[in-house]
2 protein chains.
Amino acid sequence: MELTEKQREILRYIEEFAGENGAPPTIREIGSRFSLSSTGSVRDHLKALAAKRYIECIPGKSRGIKLLRKTRLSSIPVAGRIVAGAPGLATENIDGEIEVGERLAGRGSFALRVKGDSMAGAGIQEGDYVIVHQQSTCEQGEIVIAMTGDEATVKRFRRKGKKIILEPANPAYSPIETDGDVRIIGKVVGLIRYYK
Amino acid sequence: MELTEKQREILRYIEEFAGENGAPPTIREIGSRFSLSSTGSVRDHLKALAAKRYIECIPGKSRGIKLLRKTRLSSIPVAGRIVAGAPGLATENIDGEIEVGERLAGRGSFALRVKGDSMAGAGIQEGDYVIVHQQSTCEQGEIVIAMTGDEATVKRFRRKGKKIILEPANPAYSPIETDGDVRIIGKVVGLIRYYK
DNA sequence: TTGACAACCACACATTTGTGCGGTAATATT
DNA sequence: AATATTACCGCACAAATGTGTGGTTGTCAA
């Protein structure tokens, strides 16, 4: 069943409130947010939301609103596959979401699925998800996502004088040397692998 | 500051309650869980937890307990060491917690910090956390946690006739062959790595 | 001994909060 | 015209819940 405009607003407020405060709002807190002077009005909306199975109201309990369709807070977008070995195109496509712990879910972080085995020596395998914090600079030896031309790669970052070297971790591949025209997308801060 | 045994129990209960119900418990709910007939007793503990910055108490609000160090319910224990003969995890051998997505947080799962590089060829490095689902059987070729003698190891599982072979993924190590007296603790279902 | 702390009890009190019941008004559907 | 739906108000009441004060007991360190 569809929600009305007002019901959607109220549901959204409950979700936000619960996320920020760790507990859902009371009837009167909802009322004051929407300038509803009567608790009955709020209850009408809660009843409607409960009838449509968006929330559940636990009788007699304070803040007894249970969100039934919970929006996950610590999920980050998975960008399209990146190419760790052979060249390829980086897509801006968001390819779903992946759940991570808060330790990895910092601002502007996203996940990328690894393709190829050019970093196998560093324990990064095809199909792994690398978690990336977006930043444009990085330190010697860190594993980064970099754009060279229009291809994105996972490589270890090294600077030698003016040159920037993107170093694979697999003897079958050669380092990419550039004069500095490399755009760093971000730093790899974590890795998640799922075994079947 | 350190928590006392009782305070830790209460904090844990609040976290669990909040995870299950979407809101923290009331003072009296905590009291009834721990058979404390006086609300004052509970408040003593809450004051202690607040003084030690584990929670925050919002005055005048029902369920006004705010968890400051939030551990979402999708956190699983990190096993410190696995002891021979002990079924499952002994609580005294838990070495903290790690946050994982729901996909990895199934029942009876725990994490284990990898020591050594015997599985480096499979992209499992020292310091990685492997996520383990407890089970006593497994399939050909799966990566498992097994007890040989009184030590737990991460190895690839193979069966050859009557023999069970625990196979490392590093040519510097030799496979462990046994006649079947291996106890399988669980199967590796995921891997999490943190880069500094 | 004194003092600090953890852990508990008892109870009264005020406030917060959910509940029940009865209204009004606008709009659309039958 | 009758009925249903959405969206409101107002108020009294009871239950849930946080607050305040004053106790007891035991342990541990100065």
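Every chain is numbered from 1 and lettered A, B, ... according to where its sequence line falls, protein lines coming before strand lines.
- When the side-chain nitrogen and oxygen atoms of A:Lys61 are compared with OP1 and OP2 of D:dA15, none of them lie within a distance under 4.0 Å.
- A close approach under 4.0 Å does occur between a side-chain nitrogen or oxygen of A:Arg63 and OP1 or OP2 of C:dT17.
- Counting atom types as modelled, B:Thr4 pairs no side-chain N or O with a base atom of C:dA6 as donor and acceptor under 3.5 Å.
- One finds no side-chain N or O of B:Thr39 lying less than 4.0 angstrom from the OP1 or OP2 phosphate oxygen of D:dT19.
- The side chain of B:Arg43 contributes an N or O atom lying less than 4.0 Å from OP1 or OP2 of D:dT19.
- Taking the nucleotide of DNA chain C with the nearest heavy atom to each of A:Gly64 and B:Ser38, the more 5' of the two is matched to B:Ser38.
- Looking only at atom types and distance, the side chain of B:Asp117 has a donor-acceptor partner in the side chain of B:Tyr173 under 3.5 Å away.
- Look at B:Ser37 and you'll find a side-chain N or O under 4.0 angstrom from OP1 or OP2 of C:dA10.
- The separation between B:Ile27 atom CD1 and C:dT17 atom P is 13 Å, rounded to whole Å.
- A:His45 has a side-chain polar atom (N or O) that falls below the 4.0 Å cut-off from OP1 or OP2 of D:dA7.
- For A:Lys47 and D:dT6, the shortest distance from a side-chain N or O to OP1 or OP2 is not below 4.0 Å.
- An OP1 or OP2 oxygen of D:dC9 is reached within less than 4.0 angstrom by a side-chain nitrogen or oxygen of A:Ser41.
- Of the side-chain N and O atoms in A:Ser62, none sit less than 4.0 angstrom from OP1 or OP2 of C:dG18.
- With D:dA7, D:dT17, C:dA6 as the candidates, the nucleotide lying closest to the side chain of B:Glu29 is D:dT17.
- Listed nucleotides: C:dC8, C:dT17, D:dA7. Nearest to the side chain of B:Leu36: C:dC8.
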